[in-house]
Amino acid sequence: MTKRIFALILALLMVIPIVACAADDSGKPAETTPKAGETTASPASTAPAVTEPEYKPTLPDVKYEGTELVVVHRAPDEQYYAEIYIQAEEINGDLLNDSVYKRNTIIEEKYGIDIVSVLAASPDDSIDIAAQSQSDEYDLAFPKMKNIASTITAGYLYNLHEMPHVNFDKPYWDSNFNEDITLYGKLYAMVSDISLMTMIGCRGIIFNRDLAKNYNLEDPYDLVRSNKWTLDKMIEMAQAVSDDLNGDQQFNELDQYGMLTESSNYKFQVVASDIDIFTLDADGNPVCGFMNEKTISVIEKIRTIYKDETHAIDYSDLNGTPGAAANGSYWNYGREIFANGQILFVQNGPSSLGQIVEYGMEQEFGILPNPKYDAAQDNYYHMPDWDTTVLVVPSTNDDYERLGVLLEDWAYQSSQTVLPTYYETVIKIRRAPSPEMAEMVDIIKNNISYHYGLIYDIDANETIGSAANSGNIASVFKVAEKRLNAQIKKIAEAIAKLP
């Protein structure tokens, strides 16, 4: 399993002013004028020297006056995983919006171009239609990773390993994605700092720290640091806090649980346990790699808590309740129950933190990496939701020299503007109740893993879910193995024929 070690993006000369005028979660700027009796430190007489990051790209000094960089992407008001990192029309006081605007303005002014957004619910469909008519109207797109398999195998996307000026070894590109998804030297999608969708859609464990303290449990932050945050430990803690709060002798959404669960979460813990969903055989061809005794052990362990209705409640159990109706969905209601202090652990991504804040959670909460399988495991691992987006380039675009320069600089500038704003301000400052959260987010962010099934629509994740929910793990695996290997073989043969 490959692991990406991101460079820590500090960019202090940019981040410090952001902190000084940070907006609260309502969008209202925080008060920066000192109150009566307060004093402020005098500014230093000599400004510190500005130094460029060692990974700044070396690109040709060129202008593309009068041209456009046309990007098709999901709208910023989509219900799930809205794309808010590509375009900003103007400065409006929202920190993230303004960072996107600043980044785009840098690129536009430096190269004399206009970045043009085209909104589409399914950018992959837009690429397909353009390719079928041999149109070069789009320079790049950000479709959901789960939707691009047929677009790739039809030959509608460009092999990014052929893109000039782009260096995937730089920290603003996700080297894990490159290593995990490249097949036969070909890569038709990529993850970068241009859009942070994959990072915020990466599953970790959100937890109620005060609830753990109330039950005299070990501090999960200390467990992570001491290499004792394991699957068994998480289950043990989850089993310690359940309570029939209203005393009616039954457990429902009014009570307290160790975990808020969803049936699809098994796959995230399989990956977290350092299990490769796909591997390469001796000839370099992909084959299924997860159907083994360790995976069975992981699923069986998770089932001990997920299937225990006195210690865990599933999101789907909230369907049809008054709370779900009032909140618009049982997903929203589940997060409100967590914010009410009734849940110790829930597996979700950083994207859920803002919603928990909006529900007014009064207890201290935090985020943790997924637990290791055991203490012998070398690291903590994470996988994104396959509804998150990836960058792709249509094969009908033939101006790759220009596009390579723009992509490399756009990704780099994102690492200096958008990423620090989100990472240092939105996560670490505005939404973090404790400094430990920043440390945990670093661990999650630095260890994202991918597999071919996320991109090529191979139902490995569904197989894991079916095995877990049925309980007949070994038999489900036995039936599925031939089918999954046939699916990946067909994909591999198609990829081998592509340019």
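In this chain, numbering begins with 1 at the start of the sequence shown. Values in this document were obtained by computation on a predicted structure and should not be read as measured data.
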### Message
Minimum heavy-atom separation for Met440 and Pro369, please, with both atom names.
### Response
SD-CD, 3.7 Å
### Query
Between Asn332 and Gly328, is there a donor-acceptor pair closer than 3.5 Å when you use the side chain of the first and the backbone of the second?
no
### Task
Evaluate the side-chain proximity of Ile200 to Tyr85: yes if any heavy-atom separation is below 4.5 Å, no if none is.
yes
### Task
Ignoring hydrogens and angles, state whether a donor on the side chain of Tyr373 or Ser297 is under 3.5 Å from an acceptor on the partner side chain.
yes
### Query
Do Ile495 and Ile152 have side-chain heavy atoms sitting under 4.5 Å apart?
yes
### Task
For the pair Ser122 (side chain) and Asp125 (backbone), establish whether a donor and an acceptor sit closer than 3.5 Å, ignoring hydrogens and angles.
no
### Task
Would you check if the distance from the ring center of Phe290 to the ring center of Phe477 is below 6.0 Å?
yes
#### Entry: No-hydrogen, no-angle side-chain donor-acceptor test under 3.5 Å, Ser449 and His382
no
### Message
Looking at Arg103 and Ile86, would you say the former's side chain and the latter's main chain have a donor-acceptor pair under 3.5 Å?
### Response
yes
### Query
Does Asn340 use its side chain to pair, donor to acceptor, with the backbone of Gln342 at less than 3.5 Å?
no
### Query
Is there a donor-acceptor contact under 3.5 Å from the side chain of Asn461 to the main chain of Leu454?
no
### Message
Regarding Asn379 and Lys372, do their side chains bring together a donor and an acceptor under 3.5 Å, going by distance alone?
### Response
no
### Message
Just verifying a value: how many Å separate Asn97 CG and Asn92 CG, rounded to the nearest 0.5 Å?
### Response
4.0 Å
### Message
If only side-chain N and O atoms count, and only distance matters, is there a donor-acceptor pair under 3.5 Å linking Asp385 with Thr388?
### Response
no
### Query
Would you say the side chain of Leu260 lies within less than 4.5 Å of the side chain of Tyr315, judging by non-hydrogen atoms?
yes
### Query
Is it true that Glu236 and Lys233 make a salt bridge, defined as a side-chain N closer than 4.0 Å to a carboxylate O?
yes
### Message
If you apply the rule side chain to side chain contact (heavy atoms under 4.5 Å, CB included), what do you find for Met383 with Thr198, and how did you get there?
### Response
CA-CA 9 Å; Met383 184 174 71; Thr198 301; over 6 Å; no
#### Entry: Polar side chain donor-acceptor pair, Glu262 to Ser316, under 3.5 angstrom
no
### Query
Under a 4.5 Å cut-off applied to non-hydrogen side-chain atoms, are Ile205 and Pro371 in contact?
yes
### Step-by-step side chain to side chain contact (heavy atoms under 4.5 Å, CB included) determination, Phe207 to Tyr221
CA-CA 10 Å; Phe207 79 109; Tyr221 290 140; 3.7 Å; yes
### Query
Quick one: does NZ or CZ of Lys144 land under 6.0 Å from the six-membered ring centre of Tyr81, within 45 degrees of the ring axis?
no
### Test item: Asp94 side-chain N/O and Leu96 main-chain N/O as donor-acceptor pair under 3.5 Å
yes
### Query
Is there a side-chain contact between Asp255 and Asp243 (heavy atoms, below 4.5 Å)?
no
### Ile444 side chain reached by Met199 side chain, heavy atoms, under 4.5 Å
no
#### Entry: N-O pairing of Glu462 and Lys267 below 4.0 Å
no
### Message
With no hydrogens and no angle check, just 3.5 Å: does a side-chain donor-acceptor pair link Asp314 and Tyr306?
### Response
no
### Query
Which heavy atom of Pro384 sits nearest a heavy atom of Ile448, and at what distance?
CD-CG2, 3.8 Å
### Message
Testing the basics here: between Leu223 and Tyr380, what is the closest heavy-atom pair and its distance to 0.1 Å?
### Response
O-OH, 4.1 Å
### Message
Do Lys170 and Phe168 make a side-chain contact, defined as non-hydrogen atoms from C-beta onward lying under 4.5 Å apart?
### Response
no
### Side chains of Arg203 and Asn265, donor plus acceptor under 3.5 Å
yes
### Message
Quick one about Gln377 and Asp274 (side-chain donor to acceptor, distance below 3.5 Å, no hydrogens or angles considered), yes or no?
### Response
no
### Query
Any side-chain donor-acceptor pair under 3.5 Å between Thr182 and Asn178?
yes
### Task
Taking only Lys NZ, Arg NE, NH1 and NH2, and the carboxylate oxygens of Asp or Glu, determine whether Asp457 and Lys146 approach each other closer than 4.0 Å.
no
### Task
Could you tell me whether Tyr450 and Phe177 have their ring centroids closer than 6.0 angstrom?
yes
### Message
Please verify the inter-ring angle class for Trp410 with Phe142; under 30° counts as parallel, over 60° as perpendicular, anything in between as tilted.
### Response
perpendicular
### Message
Can a donor-acceptor pair be found, under 3.5 Å and without considering hydrogens, that links the side chain of Ser192 to the backbone of Ile194?
### Response
yes
### Task
Answer with yes or no after comparing the ring centroid distance for Phe251 and Tyr257 against a 6.0 Å cut-off, counting only values under it.
yes
### Task
To the nearest 0.5 Å, tell me how far Tyr330 OH sits from Leu318 CG.
9.0 Å
### Query
Out of curiosity, Ile299 CD1 to Gln269 CD, how far, rounded to the nearest 0.5 Å?
11.0 Å
### NZ (Lys213) with more than 12 external heavy atoms under 6.0 Å
yes
### Task
Kindly determine whether Tyr266 and Arg303 satisfy side chain to side chain contact (heavy atoms under 4.5 Å, CB included), including the steps that lead there.
CA-CA 9 Å; Tyr266 289 96; Arg303 279 177 56 84; 3.7 Å; yes
### Message
Pairing donors with acceptors under 3.5 angstrom, does anything connect the side chains of Asn370 and Trp229?
### Response
no
### Query
Any side-chain donor-acceptor pair under 3.5 Å between Arg335 and Gln355?
yes
### Message
Closer than 4.0 angstrom, basic N to acidic O: yes or no for Lys228 and Glu218?
### Response
no
### Message
Walk me through whether Ile206 and Phe338 qualify under side chain to side chain contact (heavy atoms under 4.5 Å, CB included).
### Response
CA-CA 9 Å; Ile206 300 174; Phe338 179 88; 3.7 Å; yes
### Task
May I ask you to check whether Thr230 and Asp232 show a side-chain donor-acceptor distance below 3.5 Å?
no
### Query
Do Met190 and Ile181 touch side chain to side chain, with heavy atoms closer than 4.5 Å?
no
### Message
Donor-acceptor check, side chain of Asn285 to backbone of Asp281, threshold 3.5 angstrom: yes or no?
### Response
no
### Residues Glu83, Arg74: salt bridge by 4.0 Å N-O rule
no
### Message
Would the distance check show the side chain of Asn227 and the main-chain N or O of Ala375 forming a donor-acceptor pair, the cut-off being under 3.5 Å?
### Response
yes
